[in-house]
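First comes the structure, then the notes that go with it.
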Amino acid sequence: MIKMKKQDEELIAQHPWLLDVSGPLLAWYDRQARILPWREQNTPYRVWVSEIMLQQTRVEAALPYFERFMQALPTIKDLADADPQLLLKLWEGLGYYNRVRNLQAAARAVVEKWDGNLPDQYDQLVSLPGIGDYTAGAIASIAYNRPIPAVDGNVLRVLSRLLASRADVTQPSVKKEMRSLAQAMIPSERAGDFNQALMELGAMVCLPNGAPRCDQCPVYHLCRGSQQGIAHELPVKPPKKQRRSIDLTVFILICEGNVLLRQRPKKGLLAGLWEFPHVEGWITAEEASRWVNQWGGKVLDNHALPKAQHIFSHLEWHMTAYKMLCTSFPAPKGYIWADRSQLSGQIALPSAFRAYSKHLPEWL
DNA sequence: AAGACGTGGCT
DNA sequence: TAGCCAAGTCT
């Protein structure tokens with residue numbers, strides 16, 4: 001029996017009926033759980049990689065990446081030794097690219113400190129880069145069946161509704177309380193299944209956007225939110241702030257079957273990925289040609305492309321672009337002339353330029 | 001504490 | 001169309 005902190009005991013004592021959730025929830029999970037590759041084979045490494053991929057990312061989006069990643073890098077040692085550019089290529093299009101950098105940094109630490117074996121202790125897991133409170137709990141419980149809570153957005157939503165709580169779930173203090181409650185709810189013999197069942201319920205039944213499918217819920221009878229008719233209003237979150245908007249002019253420079261690309265800085269947005277050269281603001285075709293002249297090339301043909309936009313979480317790019325066929329010139333420092341095969345095998349381009357990059361096969 | 005950090009799907 | 005938001009972490 002895991003010892004509970006005194007505050008935790010008092011907290012769950014206020015909601016003793018929450019202890020009735022695990023029974024029906026696990027019975028539902030046993031019937032309805034999706035078959036997922038990291039569930040079929042829940043080795044610590046596979047669980048770890050899946051949890052990192054699933055951070056702020058839907059299962060359907062992560063699925064193809066997971067299979068490819070595990071095939072390319074079957075062990076933690078392989079991950080530790082991998083070429084960082086290959087890692088970015090394996091992550092291309094998944095977003096939040098720091099995740100894969102941290103994954104490798106953590107793999108190297110695991111090889112050094114624990115001979116390549118992922119630890120099973122929360123404190124050791126949470127000390128690794130990219131593994132926060134949620135992920136440490138998820139790995140400890142799912143891979144090692146340790147009774148540690150794994151409270152993600154799904155669980156916050158499910159618990160808010162079960163409790164009919166209007167507390168702001170983005171507040172760390174509220175998350176902390178939810179973690180304490182989730183901790184107390186864990187049946188120690190099936191910790192991993194219970195945590196996954198809570199998340200699965202949130203993903204499949206207790207849906208966000210005011211659309212819970214309460215008629216399908218195995219713990220409907222225990223849910224204060226549905227009893228009070230407010231489940232669809234929960235959880236409560238503060239309104240989002242407005243995004244910053246940036247105008248960009250993108251240069252698609254093409255010369256003899258190659259396109260000019262440059263690597264983004266090591267830190268910040270899309271760090272380390274490759275991109276089309278661009279300048280801030282919208283400029284004319286003549287001004288764009290002048291940039292090429294400055295690099296030592298002559299524009300043979302200049303074609304304005306349709307405007308495109310890309311929405312990030314915190315900013316928006318409004319892009320216009322010129323496709324310019326030009327004479328050969330040496331790539332400036334930090335730039336490369338990339339051909340088709342490099343693009344398909346080594347160069348990781350962010351989806352932000354997809355409106356233009358999708359045409360590269362025809363242009364090269 | 002609040003903002004940076006991607007992307008795609010759904011309403 | 002525009003907004004919401006998903007198995008969060010780091011600074």
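Chain A is the first sequence line, chain B the second, and so forth, proteins listed ahead of strands; every chain is numbered from 1.
Rounded to whole Å, atom C1' of C:dG3 lies 11 Å from atom CD of A:E316. Between the NE2 atom of A:H310 and the C1' atom of B:dG8 there is a distance of 9 Å, given to the nearest Å. In this structure, the CD atom of A:Q242 is 12 Å from the C1' atom of C:dA2, given to the nearest Å. C:dA6 atom C1' lies 14 Å from atom CD of A:E200, rounded to whole Å. Distance A:N102 CG to B:dG6 P: 12 Å, rounded to the nearest Å. The interatomic distance linking A:H232 (NE2) with C:dC4 (P) rounds to 17 Å, in whole Å. Between A:R354 atom CZ and B:dG8 atom C1' the separation is 11 Å, expressed in whole Å. A straight line from CH2 of A:W317 to C1' of B:dG6 spans 11 Å, rounded to a whole angstrom.
If you chain together hydrophobic residues whose side chains sit under 4.5 Å apart, A:L260 and A:L305 never meet in one group.
Picking from B:dA1, B:dG8, C:dG8 the nucleotide with the shortest atom distance to the side chain of A:S351 gives B:dG8. Distance from the side chain of A:T135 is smallest to C:dT9 among C:dT9, B:dG6, C:dA6.
Side chains of A:V155 and A:Y134 form no contact here, defined as non-hydrogen atoms less than 4.5 Å apart. Contact annotation: the side chain of A:D30 approaches that of A:R190 to within less than 4.5 Å [non-hydrogen atoms, C-beta and beyond]. In this structure, A:Q56 and A:R99 have side chains that are not in contact, with every pair of non-hydrogen atoms separated by 4.5 Å or more. A:M204 places none of its side-chain heavy atoms less than 4.5 Å from the side chain of A:Q32.
Nucleotides B:dG3 and C:dC4 have their P atoms positioned 16 Å apart, rounded to a whole Å. Between the P atoms of B:dG6 and C:dT11, the separation comes to 14 Å (whole Å).
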Pairwise N/O distances under 3.5 Å, protein to nucleotides 3-5 of chain B:
| unit_1 | atom_1 | unit_2 | atom_2 | d |
| --- | --- | --- | --- | --- |
| B:dG3 | OP1 | A:K241 | NZ | 3.1 |
| B:dG3 | OP2 | A:K241 | NZ | 3.2 |
| B:dC5 | OP1 | A:L269 | N | 3.2 |
| B:dC5 | OP2 | A:H314 | NE2 | 2.8 |

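Both A:Q171 and A:R99 lie near DNA chain B, and the one whose nearest nucleotide falls closer to the 5' end is A:Q171. Two residues, A:R39 and A:P129, neighbour DNA chain C, and the one matched to the more 5' nucleotide by heavy-atom proximity is A:R39.
Note that CE of A:M185 and CG of A:L159 are 5.5 Å apart. Values are rounded to the nearest 0.5 Å. Note: A:L86 CG to A:L73 CG = 6.0 Å, rounded to the nearest 0.5 Å. Atoms CG and CG, from A:D120 and A:L118 in turn, are 9.0 Å apart once rounded to the nearest 0.5 Å. Note that OH of A:Y45 and CG of A:L79 are 4.5 Å apart. Values are rounded to the nearest 0.5 Å.
Distances shown here put a side-chain N or O of A:R157 below 4.0 Å from the OP1 or OP2 atom of C:dA6.
Side-chain contact annotation: A:E92 with A:W274, donor-acceptor N/O pair under 3.5 Å absent.
As judged by a 4.0 angstrom heavy-atom cut-off over every strand, A:L36 is placed among the base-contacting residues. In this structure, A:I131 reaches the sugar-phosphate backbone alone: every heavy-atom distance under 4.0 Å involves primed, P, OP1 or OP2 atoms, never a base. Looking at heavy-atom distances under 4.0 Å, A:G202 makes no contact with the nucleic acid at all. Looking at heavy-atom distances under 4.0 Å, A:W91 makes no contact with the nucleic acid at all. Residue contacts for A:A352: at a heavy-atom cut-off of 4.0 Å it reaches the sugar-phosphate backbone alone, with no base atom in range. Among the protein residues, A:R34 comes within range of the nucleic acid bases, having at least one heavy atom under 4.0 Å from a base atom.
A heavy atom lying under 4.0 Å from DNA chain B marks the following residues of residues 55-65 of chain A, by number: A:Q56, A:T57, A:R58. If you check residues 67-77 of chain A against DNA chain B, you find no residue with a heavy atom closer than 4.0 Å.
Using the six-membered ring where Trp is involved, A:W295 and A:F329 have ring planes that are parallel, under 30° apart on the 30 and 60° scheme.
Between A:W317 and A:F312, the gap from one ring centroid to the other is short of 6.0 Å.
A side-chain contact (heavy atoms from CB on, under 4.5 Å) with A:V259 holds for exactly one of A:F251, A:F276, A:W337; it is A:F276.
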